[in-house]
Structure formats: structure tokens, C-alpha cells
Undergrad: 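I'd like to ask some things about the structure below.
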Amino acid sequence: MAKKEKLDAETLALIKWCTEVEEFLIGGGATRAQAQEHIEEEVEWFTDQFYDGLSPQEAAKEALA
């Protein structure tokens with residue numbers, strides 16, 4: 001059996017942040033599937049926003065603009 005890889009704290013924080021962004025995208029009118037697909041397609045952009053210190057709400061607002 002394959003050994004499960006443990007995620008570091010920074011990766012877990014990014015995943016949590018993206019989950020919060022997803023909720024704001026849904027609040028802005030996207031379906032959950034649309035929000036998830038957009039985050040997956042633009043993962044580099046969202047990662048940059050995370051490291052630039054944007055809040056999930058700010059990142060979602062930028063994505064919806």
C-alpha cells in the first residue's frame with residue numbers, strides 16, 4: 001500500500017483559505033462546482049493571492065471582478 005503523504009502546515013492553511021474563498025464565490029452567485037473549477041483552473045493566481053496576504057473575501061471579490 002502507498003504511504004499517505006502528510007501535508008505541512010502551510011499547505012493545510014492554503015487549502016483552508018481556498019475553501020473559504022469557495023464560499024465567498026458561491027455567495028457571489030457561482031455554484032459550488034463552478035467555484036471549485038475556477039479555483040482549480042486558477043490555482044497559481046489564488047496561491048499568489050494567499051501569499052500576498054489577501055483575505056479569502058478579498059480574493060473572491062477580485063476573482064468575481
Side-chain angles (χ1 to χ4, degrees):
M1 290 182 69
K3 187 176 175 183
K4 286 189 177 182
E5 183 179 335
K6 291 187 180 180
L7 299 176
D8 60 51
E10 190 172 55
T11 301
L12 290 172
L14 175 59
I15 292 168
K16 180 181 182 296
W17 184 88
C18 286
T19 302
E20 292 174 22
V21 170
E22 179 183 321
E23 294 304 320
F24 285 110
L25 291 173
I26 292 167
T31 65
R32 184 163 308 278
Q34 289 170 329
Q36 289 174 351
E37 182 177 349
H38 183 66
I39 292 170
E40 289 172 9
E41 289 176 354
E42 300 294 333
V43 68
E44 289 180 19
W45 184 85
F46 281 104
T47 301
D48 289 344
Q49 303 316 302
F50 172 78
Y51 285 111
D52 286 346
L54 267 68
S55 71
Q57 185 175 17
E58 291 169 328
K61 185 177 178 181
E62 289 291 322
L64 292 169

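Numbering starts at 1 and runs along the sequence shown. Computed from a predicted structure; not experimentally measured.
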Undergrad: In terms of hydrophobic clusters joined by side-chain contacts under 4.5 Å, are L64 and F46 together?
TA: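 Yes, same cluster.
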Undergrad: Report yes if some heavy atom in the side chain of Q34 is under 4.5 Å from a heavy atom in the side chain of E22; otherwise report no.
TA: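 The answer is no; the side chains never approach within 4.5 Å.
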Undergrad: Check for me, please, whether I39 and W45 land in the same ILVMFWY cluster - side-chain distances under 4.5 Å, paths through other members count.
TA: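 Yes, one cluster joins them.
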Undergrad: What's the shortest heavy-atom distance between A60 and F24, and which atoms?
TA: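 Smallest heavy-atom distance, with atoms named: CB-CB, 3.4 Å.
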Undergrad: For the atom pair CD (E20) and CZ (F50), what is the distance rounded to the nearest 0.5 Å?
TA: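 Between E20 CD and F50 CZ, I get 10.0 Å after rounding to 0.5 Å.
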Undergrad: Tell me the side chain to side chain donor-acceptor pair (under 3.5 Å) pairs involving residues 53-65, sequence neighbours left out?
TA: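 For residues 53-65: S55-E58.
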Undergrad: Specify the closest pair of heavy atoms between A30 and A35, including all atoms of both residues, with the distance to one decimal.
TA: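 Reported closest heavy-atom pair: CB-N, 4.2 Å.
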Undergrad: Applying a strict under-4.5 Å side-chain criterion to I, L, V, M, F, W and Y, I'd like to know whether L7 and W17 cluster together.
TA: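 Not linked; separate clusters.
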Undergrad: Check this for me: does any side-chain nitrogen of one of R32 and E23 sit under 4.0 Å from a carboxylate oxygen of the other?
TA: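 A salt bridge links R32 with E23.
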Undergrad: Given E42, which of E40, E44, H38 fulfils the side-chain contact (heavy atoms from CB on, under 4.5 Å) condition?
TA: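 Output: one option passes, namely H38.
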Undergrad: Looking at CD of E37 and OG1 of T31, how far apart are the two atoms once the value is rounded to the nearest 0.5 Å?
TA: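 Between E37 CD and T31 OG1, I get 8.5 Å after rounding to 0.5 Å.
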Undergrad: Between D52 (side chain only) and L54 (backbone N and O only), is there a donor and an acceptor less than 3.5 Å apart?
TA: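 Not a single qualifying donor-acceptor pair exists.
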Undergrad: Can you see which heavy atom on V21 is nearest to which on A59, and at what distance?
TA: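 Taking V21 first and A59 second, the nearest heavy atoms are CG2-CB, 4.2 Å.
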Undergrad: Working to the nearest 0.5 Å, report the span between CG of D8 and NZ of K6.
TA: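 These two atoms lie 12.5 Å from each other.
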